Amino acid sequence: MVKTEDIKVLLNQYLKVLFLSTMRQCYADLALQARQESLSYEQYLLELAEHECITRQNNRIERNLKASKIPRDKNIDTFDLKRVPAKVAHQVRSLLEGSFVDHNENILAFGNPGSGKTHLLCAIGQELIRKGRKVYFTPCSLLVQELLRAKKELDLSRFLKKLSRYDALIIDDIGYVQQDRSEMEVLFTLLADRYERGSVMITSNLPFSRWEQIFKDPMVTAAAIDRLVHHSVILELNIESYRMEVAKKNKRKKPDGPAKSSK
Ligand code: ADP
Ligand code: MG
């Protein structure tokens, strides 16, 4: 017969070797509870296994959220869906379910600066991660610089492979800064590489009609748009800047601000 104290020591050792750290932490408390509630051995084991699984899942989500580089405050709870056109709100509700990623579909968000494109795609990205996906957020300008560096170091294919591990790639502000030919070339290479192999989520202030500014050559522009649009959801956020709206509201609220005194 093994003594109670020895059981504790051995259990701790075995659970440690098996990397079952949550079970190790909570088996004693749960055992006490199980005795009180007269649970069967199976029910107790089930509770333990559940705790281990849930903790691992939460830790994985936490790691993936951190690795995604998505700003945490840009989530769906802080996003006012009532502000966007009804069609967009409807599209977003379905996108939040995340199945677009299964079909390697893309999301293209267009609209004026401040209309909420970045916030919205980040929010969708965070929900994807909570559903067990891997997402990576990057400003387009930074991504292009990284692609160029990888190309210069003859490391482009490895870098593309690294990016291909993400189910969705958020490329923020495509076309925001003028790009030269070598920059647009690597960007095109990336888009072609992900075509039908992984989702791309893009924000842009430029409508497609002005994408030649990004890709320079009309053929390349058409090819890039064609690949992106083929399986895609387009979100048209043609609304006033959120910052502007907030500023106006604040101005109106001020008791003796210029808005009131000018009445
Ligand atoms: P864009 O990418 O279109 O330029 P952002 O997503 O950066 O716009 O939004 C500008 C600011 O306004 C951000 O701080 C963002 O969090 C906020 N914002 C925009 N739309 C909304 C919204 N519908 N609900 C809450 N905050 C919003
Ligand atoms: Mg933005």
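Every number for a ligand or one of its atoms is a count from 1 in the order of the listing. Worth saying up front: this structure is predicted, and the values here are computed from it rather than measured.
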Has R56 got more than 12 heavy atoms of other residues, nucleotides or ligands less than 6.0 Å from its CZ?
yes

Side chain, backbone, both or neither: which part of [X] comes within less than 4.0 Å of ligand 1 when only heavy atoms are counted?
X	result
D173	neither
T203	neither
F79	both

State if G111 counts as touching ligand 1 under the rule of any non-hydrogen atom under 4.0 Å.
no

Measuring from the heavy atoms of D73, does anything fall under 4.0 Å of ligand 1?
no

Tell me which one of D172, N205, T203 satisfies side-chain hydrogen bond (donor to acceptor under 3.5 Å, both in side chains) with K117.
N205

Quick test: of every protein heavy atom, which one is nearest to [atom], and how far off is it to 0.1 Å?
atom	value
atom 11 (C) of ligand 1	R243 NH1, 3.9 Å
atom 23 (N) of ligand 1	D80 O, 3.0 Å
atom 5 (P) of ligand 1	G116 CA, 3.8 Å
atom 13 (C) of ligand 1	K74 NZ, 3.7 Å
atom 15 (C) of ligand 1	H119 ND1, 3.4 Å
atom 3 (O) of ligand 1	K117 NZ, 2.7 Å
atom 4 (O) of ligand 1	G114 N, 2.7 Å
atom 21 (C) of ligand 1	Y242 CD1, 3.4 Å

For the Mg ion (ligand 2), does an N/O/S atom of T118 lie at less than 2.8 Å?
yes

Where does the angle between the aromatic ring planes of F208 and W211 fall among parallel (under 30°), tilted (30 to 60°) and perpendicular (over 60°)?
perpendicular

Taking only non-hydrogen atoms of P113 and a 4.0 Å limit, the atoms of ligand 1 in range are 4 (O)

Sub-4.0 Å atoms of ligand 1 with respect to non-hydrogen atoms of N112:
3 (O)

Nearest candidate to atom 25 (C) of ligand 1, where distance is taken over non-hydrogen atoms, out of L121, L81, T78, T118:
T78

Got a salt bridge between D80 and R83, using NZ or NE/NH1/NH2 to carboxylate O under 4.0 Å?
no

Would you give the length of the straight line joining atom CD of Q25 to atom CG of L20, rounded to the nearest 0.5 angstrom?
11.5 Å

Validation row: [X], [Y] side chains within 4.5 angstrom (heavy atoms):
X	Y	value
L169	L190	yes
K8	Y27	yes
L237	L120	yes
F110	L235	no
N106	H231	no

Apply the side chain to side chain contact (heavy atoms under 4.5 Å, CB included) test between R149 and each candidate in K152, Q145, K151, E153; give the one that qualifies.
E153

